[in-house]
Amino acid sequence: MAGEEGAQPSPAPGVRAPVGVDPTRAGIARVHDYSLGGKDNYEVDRRFFHDILQVAPRMREVPLMARRWLDRVVGHLVRDVGIDRILDLGAGLPAIQNIHDMAHQHNEEARVVYVDNDPLCCTHGRALLERYPNVRYMQGDLTRPRTLLSEVAEHLEPGRPLAVILSGVLHHVPDELDPAGIVREYTELLPPGSHIAISHYLDPSGDPGAHRLARELEHRFVHGLGSGWFRTREQIASYFDGLELIDPGLVELGDWWPCGPALRSRWLEGRLMLGALGRVPTFRGR
């Protein structure tokens with residue numbers, strides 16, 4: 001695995017410093033890479049994920065489900081809406097079928113900027129994606145929207161509608177940093193017609209079995225990775241304040257524009273994540 005490139009920025013208060021190349025601690029990006037079948041991970045990451053599988057045997061299918069949801073979202077944005085500028089925040093390590101792959105199926109000129117605060121992800125991203133003229137991988141802090149948007153402006157053209165992807169990342173932002181407030185600031189700063197896509201771990205408080213599993217998984221994630229909070233539907237819905245929700249709204253990922261009717265009942269782990277796409281309105285209230 002590649003080493004770190006440059007000095008790490010100081011993490012925001014309440015955010016655990018990125019693990020980077022430390023082989024003694026499981027890292028969010030490396031665990032996710034392993035869950036998708038990647039090779040950029042250590043034994044500590046694999047051991048952590050196998051411990052998760054002991055209580056949630058179908059958990060390996062959750063990131064695949066999220067990837068399929070993201071493919072449908074990006075396809076809609078590029079093909080149907082005409083968005084050709086995409087900002088992926090908390091991008092992690094490059095994997096199979098990345099966002100630029102999804103976008104370029106519909107528009108080869110679409111520009112994609114990946115951002116992560118982990119220098120390891122940035123090193124890998126730059127090495128693997130530098131051959132694509134319309135793709136960039138940058139180090140940045142998604143919890144500081146105004147600063148981050150100014151840093152990526154050169155590549156995404158200020159004033160032009162863009163899509164901001166927050167897939168599987170806000171559940172790693174602690175309550176004290178106000179994830180809903182962070183999204184609200186992006187909403188206020190983005191040009192009208194822009195879109196924000198969010199997927200997030202769910203604590204389905206009305207379902208006792210799913211609630212117990214969510215609480216157990218959160219305990220393991222927070223103690224093993226330093227983050228990974230399962231929030232209520234109401235909390236996740238608050239992230240879309242000020243946005244126009246695109247049908248079918250905030251739903252389980254498999255229900256967001258599914259490719260066809262469900263052939264079987266959804267497994268428990270698949271009900272622990274919600275996703276939605278919101279549009280920045282043309283006219284905003286004061």
Side-chain angles (χ1 to χ4, degrees), residues 1-6 8-9 18-23 25-46 48-49 60-75 77-78 83-142 148 151-152 154-156 162-172 197-199 225 227 253 275:
M1 299 178 67
E4 296 185 20
E5 179 177 271
Q8 291 189 35
V19 171
V21 295
D22 185 348
R25 297 161 55 198
I28 296 168
R30 291 192 260 110
V31 169
H32 188 253
D33 173 77
Y34 177 65
S35 73
L36 287 170
K39 298 179 180 179
D40 294 318
N41 49 75
Y42 294 134
E43 176 60 30
V44 66
D45 308 302
R46 298 187 285 272
F48 172 83
F49 192 70
R60 188 180 289 279
E61 297 183 41
V62 173
L64 296 173
M65 176 183 68
R67 214 72 185 175
R68 291 191 291 268
W69 169 79
L70 193 54
D71 192 11
R72 296 194 295 276
V73 168
V74 172
L77 289 170
V78 179
I83 295 286
D84 59 2
R85 300 292 185 268
I86 302 175
L87 178 61
D88 182 20
L89 302 181
L93 290 160
I96 55 170
Q97 191 65 1
N98 295 287
I99 286 180
H100 67 276
D101 299 309
M102 302 171 189
H104 290 165
Q105 291 178 17
H106 309 287
N107 181 353
E108 293 182 354
E109 301 302 316
R111 294 186 187 180
V112 177
V113 173
Y114 298 100
V115 176
D116 205 283
N117 69 337
D118 190 332
L120 174 66
C121 296
C122 298
T123 298
H124 274 254
R126 289 168 183 148
L128 294 174
L129 304 177
E130 64 179 3
R131 67 182 185 274
Y132 297 100
N134 292 327
V135 178
R136 297 287 186 278
Y137 204 116
M138 302 175 59
Q139 189 167 349
D141 182 356
L142 69 84
L148 191 146
E151 292 171 345
V152 303
E154 176 185 352
H155 305 295
L156 294 178
L162 70 147
V164 173
I165 308 295
L166 290 157
S167 178
V169 65
L170 289 176
H171 47 236
H172 294 297
I198 299 172
S199 63
L225 296 178
S227 61
L253 300 190

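Side-chain atoms of Asn107 never come within 3.5 Å of backbone atoms of Val78 as a donor-acceptor pair (strictly under, hydrogens ignored). Proximity of a side-chain donor or acceptor of Arg111 to a complementary backbone N or O of Leu156 within less than 3.5 Å is not detected. Put simply, the side chain of Ser35 never gets that close to the backbone of Arg60: no donor and acceptor are under 3.5 Å apart.
For the residue pair Leu148 and Gly140, the shortest heavy atom distance occurs at CD1-C, 4.3 Å. In this structure, Gly275 and Trp69 approach most closely via the heavy-atom pair CA-CZ2, 4.0 Å. Of all non-hydrogen atoms in Val44 and Ala26, the two that sit nearest each other are CG2-N, 3.7 Å. Between Gly75 and His106 the shortest heavy-atom distance is CA-NE2, 3.6 Å. When all heavy atoms are compared, the tightest approach of His155 to Arg136 is CE1-NE, 3.2 Å. Taking every heavy atom of both residues into account, Gly168 and Ser199 meet most closely at N-OG, 2.9 Å.
Residues Leu77 and Arg85 are not in side-chain contact: their nearest non-hydrogen atoms beyond the backbone lie 4.5 Å or more apart. Counting heavy atoms from C-beta outward, Leu162 and Ile86 have side chains that stay 4.5 Å or more apart. The shortest side-chain heavy-atom distance between Pro63 and His32 falls under the 4.5 Å cut-off. Side-chain contact between Ser167 and Ile198 is absent, with no heavy-atom pair separated by less than 4.5 Å. The closest side-chain heavy-atom distance from Tyr137 to Asp116 is below 4.5 Å.
Distance CG/Asp88 to CE/Met138: 13.5 Å, rounded to 0.5 Å. Between Asn134 atom CG and His104 atom NE2 the span is 5.5 Å, to the nearest 0.5 Å. Atom CG of Leu225 sits about 10.0 Å away from atom CZ of Arg25, to the nearest 0.5 Å. Note that CG of Leu166 and CG of Leu89 are 5.0 Å apart. Values are rounded to the nearest 0.5 Å. Annotation: the span from Asp118 atom CG to Leu93 atom CG amounts to 7.5 Å, rounded to 0.5 Å. Between atom CD of residue Gln139 and atom OG1 of residue Thr123 there is a gap of 8.0 Å, rounded to the nearest 0.5 Å.
Atom CD of Glu154 is surrounded by 12 or fewer heavy atoms from other residues, nucleotides or ligands within 6.0 Å.
Among residues two or more places apart in sequence or in another chain, the side chain to side chain donor-acceptor pair (under 3.5 Å) test is passed with His100 by Tyr114. In terms of the salt bridge (charged side-chain N to carboxylate O under 4.0 Å, His left out) criterion, residue partners of Asp45 (sequence neighbours excluded) are, by chain and number, Arg30.
Partner Val112 forms a side chain to side chain contact (heavy atoms under 4.5 Å, CB included) with one of Asp84, Ile99, Ile165, Leu87 and no other, that one being Ile99.
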Test side-chain hydrogen bond (donor to acceptor under 3.5 Å, both in side chains) applied to Asn41 and Asp33, step by step: CA-CA 7 Å; Asn41 49 75; Asp33 173 77; 2.9 Å; yes

Chi angles and distances behind the side-chain contact (heavy atoms from CB on, under 4.5 Å) call for Met102, Arg67: CA-CA 10 Å; Met102 302 171 189; Arg67 214 72 185 175; 4.2 Å; yes

